[in-house]
Amino acid sequence: MPRADLLEQIYTIVAQIPEGRVTTYGRVAKMTEGATARMVGSAMRHLPDGHGLPWHRVINASRRITEHGGAERQRERLRAEGIAFEAGGRVSAERLWP
DNA sequence: ATGCCGGCTCAGC
DNA sequence: GGCTGAGCCGGCA
């Protein structure tokens, strides 16, 4: 599967995450045909402005926000959608999107 | 071609 | 739950 197609699949999947729900890099990766969690993370990082994708709804397998440049922004966006963080900065498992 | 690093994961302790 | 190491992927130097 060519890299461009995987990227397209990643975008399509991320675009489907409902508001107020989250999913993980690994889950998104598994829904594609061959992408790895790292590729998903990389894809999210290089998103241009105004893409409209809910990149903030993608968190790591520990159900936490991976520390990086825009981590703060991501946390705020999620909170704005009504997503609460449990002790340890974790997102409730019920918020996970299949 | 070679090597290193990444918004990651998972198996093993 | 925390720490470590491998994974064998793509992008970039």
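Each chain gets a letter, A, B and so on, in the order its sequence line appears, and its residues count up from 1.
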Strictly distance-based, threshold 3.5 Å: is any side-chain N or O of A/Q74 a donor or acceptor partner for the main-chain N or O of A/V58? yes
Spacing of the P atoms in C/dA13 and B/dG7 (rounded, Å): 15 Å
Scan the side chains in residues 83-98 of chain A for donor-acceptor partners under 3.5 Å anywhere in the protein, sequence neighbours excluded, and list what turns up.
residue, atom, partner, partner atom, Å
A/S92, OG, A/E94, N, 3.2
A/R95, NH1, A/G20, O, 2.9
A/R95, NH2, A/G82, O, 2.7

Determine whether A/R57 and A/E81 satisfy the following criterion, side chain to side chain contact (heavy atoms under 4.5 Å, CB included), listing intermediate values before the conclusion. CA-CA 10 Å; A/R57 312 213 256 243; A/E81 289 188 356; 2.3 Å; yes
Which dot-bracket string fits DNA chain B when only Watson-Crick or G-U wobble pairs with both atom distances under 3.5 Å count, crossing pairs get [ ], and | stands for a partner on a different strand? .|||||.||||||
Go through residues 33-69 of chain A and report each residue with a non-hydrogen atom lying under 4.0 Å from DNA chain C, sorted by number. A/T36, A/R38, A/M39, A/R64
Contact list for DNA chain B against residues 7-27 of chain A - heavy-atom distance below 4.0 Å: A/T24, A/Y25, A/G26
Before you tell me yes or no, could you show the steps for A/R27 and A/V40 under side chain to side chain contact (heavy atoms under 4.5 Å, CB included), namely the whole-Å CA-CA distance, both residues' side-chain angles and the distance that decides it to 0.1 Å? CA-CA 10 Å; A/R27 285 193 168 184; A/V40 177; over 6 Å; no
Pairwise distance CG(A/L6) to CZ(A/R3) - rounded to 0.5 angstrom: 9.5 Å
4.5 Å side-chain heavy-atom contact, A/V22 and A/I59: yes
Using 0.5 Å steps for rounding, measure from the CD atom of A/E72 to the CZ atom of A/R77. 13.5 Å
Nearest 0.5 Å, what's the NZ-OG1 distance between A/K30 and A/T23? 9.5 Å
Can you check whether A/A43's main-chain N or O pairs, donor with acceptor, with A/H46's side chain at less than 3.5 Å? no
I need the A/L47 CG to A/L53 CG distance, nearest 0.5 Å. 6.0 Å
Looking at DNA chain B, which of residues 80-98 of chain A put a heavy atom within less than 4.0 Å of it? none
Does CD in A/Q16 sit with more than 12 non-hydrogen atoms of other residues, nucleotides or ligands closer than 6.0 Å? yes
With side chains defined as the heavy atoms from C-beta onward, is the minimum distance between A/R73 and A/H56 less than 4.5 Å? no
To the nearest 0.5 Å, how far apart are CD1 in A/I10 and OG1 in A/T32? 6.0 Å
So where does chain A start and stop touching DNA chain C, 5' to 3', when the test is distance under 4.0 Å to a non-hydrogen atom? C/dG1 to C/dG11
Any side-chain donor-acceptor pair under 3.5 Å between A/N60 and A/T66? yes
Which value, rounded to the nearest 0.5 Å, describes the distance between A/R75 atom CZ and A/R64 atom CZ? 10.5 Å
